[in-house]
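The structure appears right after this line, and notes come after that.
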2 protein chains.
Amino acid sequence: MLKLTKTVEYALISMNYIENNSNGKPVSAKSISDQFSIPEELLAKVLQKLVKYKMLESVRGPYGGYKIKTSTKNTNLVYLIESLEGPIGIVDCSISNDCSLLDSCNIKSPIDSINQNIKSVFEKTTLKDIIKGI
Amino acid sequence: MLKLTKTVEYALISMNYIENNSNGKPVSAKSISDQFSIPEELLAKVLQKLVKYKMLESVRGPYGGYKIKTSTKNTNLVYLIESLEGPIGIVDCSISNDCSLLDSCNIKSPIDSINQNIKSVFEKTTLKDIIKGI
DNA sequence: TTATATACGACTAAACTAGTCGTATATTTA
DNA sequence: TAAATATACGACTAGTTTAGTCGTATATAA
């Protein structure tokens, strides 16, 4: 409960590793997967999503891999998480109105408030914090 | 991802409902389950846990049910959640040291910080807030 | 004594998360 | 231009967690 997925975890580990081991050159999925014992194909898919959402750029072929864009260092974790996993919401009705209770729900307001506060925690954390440590 | 369980959700709905429909008399699991279309046996187990951790008290037999203790209204949600679900932690290593990376993990410090901030959100919210709305 | 309601452990079903596999495509270098 | 390396991406399988069900025991009011 209240857990991040491995997808998000691997993304953060990778962003940090790429930043600190790049020297301008692309870092391959394989080298990250070796370093942290992450299944390679799984990691590759995560990195490909980060490319899709403009947090990384990719270079194909030998000596290829992934590079971080300086501009993305100010990206906050809500953007990263929601790119990978969809909207953050501690209950379903935080995301969509698919609740069968609707108006009869007696905790919607406090739950919404908590949800907003949790989003704020991730909003205040940027990739820069992840890369450097806090 | 980052979801509360139904157990916690049902607990909060119940606490609110009991408080606002009790008038000093116990409220049965059945009446709550009817009101919110929650499976009765499941709800009963949740309420029994709330009794076990002193947030409710129970009365057996006909006209029995559950009552809220005034003293528990200042209980915060970390206590409620952790009573029902165990320690809050957005990744496994927030809870125990079962991470295979150990020292080589490059995001432990920022993750720990985020985890602490999330716990704070739940720590600042009390049952009083859930019962009255925020 | 019967009906009502909590107590609680064992079990099953459903949903979600993690991981694997196969194939295609781009690019470097010999 | 062939071989090796590496990304791109969809489909599938396995594993774990969460949700829900069932059976039985116990307490108590009427």
Side-chain angles (χ1 to χ4, degrees), chain A residues 1-11 13-14 18 22 25-34 36-67 81 84-92 95 98 100, chain B residues 1-11 13-14 18 22 25-34 36-67 81 84-92 95 98 100:
Chain A
M1 201 209 46
L2 288 172
K3 285 262 187 308
L4 295 178
T5 58
K6 291 288 174 189
T7 294
V8 170
E9 207 179 317
Y10 295 160
I13 287 174
S14 298
I18 293 170
S22 174
K25 285 178 291 185
V27 176
S28 72
K30 176 117 188 41
S31 70
I32 302 172
S33 109
D34 284 349
F36 300 101
S37 307
I38 300 170
E40 192 181 342
E41 294 81 6
L42 183 53
L43 179 63
K45 288 208 296 192
V46 174
L47 298 175
Q48 283 154 26
K49 269 201 170 179
L50 293 175
V51 171
K52 183 177 173 191
Y53 289 97
K54 318 285 185 193
M55 282 167 278
L56 288 177
E57 50 190 335
S58 65
V59 180
R60 287 185 172 200
Y63 304 99
Y66 299 87
K67 292 200 286 189
I81 291 172
L84 296 171
E85 302 287 0
I88 292 173
I90 58 171
V91 291
D92 289 341
I95 295 165
D98 63 355
S100 58
Chain B
M1 200 208 49
L2 289 170
K3 286 263 189 305
L4 295 178
T5 58
K6 292 288 175 188
T7 294
V8 171
E9 207 179 317
Y10 295 161
I13 287 173
S14 298
I18 293 169
S22 174
K25 285 176 291 185
V27 176
S28 72
K30 177 117 187 44
S31 69
I32 301 173
S33 109
D34 283 348
F36 300 100
S37 307
I38 300 169
E40 191 179 343
E41 292 81 5
L42 182 53
L43 179 64
K45 286 208 298 193
V46 174
L47 298 174
Q48 282 154 28
K49 268 201 168 178
L50 292 175
V51 170
K52 182 177 173 191
Y53 289 97
K54 318 284 184 193
M55 283 167 278
L56 288 178
E57 51 190 335
S58 64
V59 180
R60 287 185 173 199
Y63 304 99
Y66 299 88
K67 292 201 285 187
I81 291 172
L84 295 172
E85 303 286 0
I88 291 174
I90 58 171
V91 292
D92 289 343
I95 296 166
D98 62 355
S100 58

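Hydrogens, waters and symmetry mates are skipped; everything else that's a heavy atom, side chains included, is used. Each chain gets a letter, A, B and so on, in the order the sequences are listed, and its residues count up from 1.
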_d(OH, B/Y63; P, C/dT6) in whole Å_ = 14 Å

*State the CD1-CE distance between B/I88 and A/M1, to the nearest 0.5 angstrom.*
5.5 Å

_Gap separating the NZ atom of B/K45 from the NZ atom of B/K52, nearest 0.5 angstrom_ = 12.5 Å

*D/dA6 P sits how many Å from A/K67 NZ, rounded?*
16 Å

_I need the A/D34 CG to A/E40 CD distance, nearest 0.5 Å._
7.5 Å

_Point-to-point distance, once rounded to the nearest 0.5 Å, from OG of B/S28 to CD1 of B/I18_ = 9.5 Å

*Kindly compute the distance separating OG1 (B/T5) from CD1 (B/I81), expressed to the nearest 0.5 Å.*
8.0 Å

*Between atom CG in A/L47 and atom P in D/dT5, what is the gap in whole Å?*
20 Å

*Looking only at non-hydrogen atoms, find the nearest pair between A/P26 and A/G64 and report the distance.*
CB-C, 3.8 Å

*In B/S/- notation, 5' to 3', how is nucleotides 11-20 of chain C contacted by protein heavy atoms closer than 4.0 Å?*
------SSBB

_Just to be sure I understand the geometry, which residues of residues 48-60 of chain A put a non-hydrogen atom under 4.0 Å away from DNA chain C?_
A/R60

*Measure the distance from OH on A/Y66 to P on D/dT5 and round it to the nearest whole Å.*
17 Å

_Heavy-atom side-chain contact between B/K49 and B/L84 under 4.5 Å_ = yes

_Among D/dA4, D/dA29, C/dT6, the nucleotide that comes nearest once only the side chain of A/P62 is considered_ = D/dA4

*Say whether, by atom type as modelled, one donor and one acceptor occur between the side chain of A/K3 and the main chain of B/G89 under 3.5 angstrom.*
yes

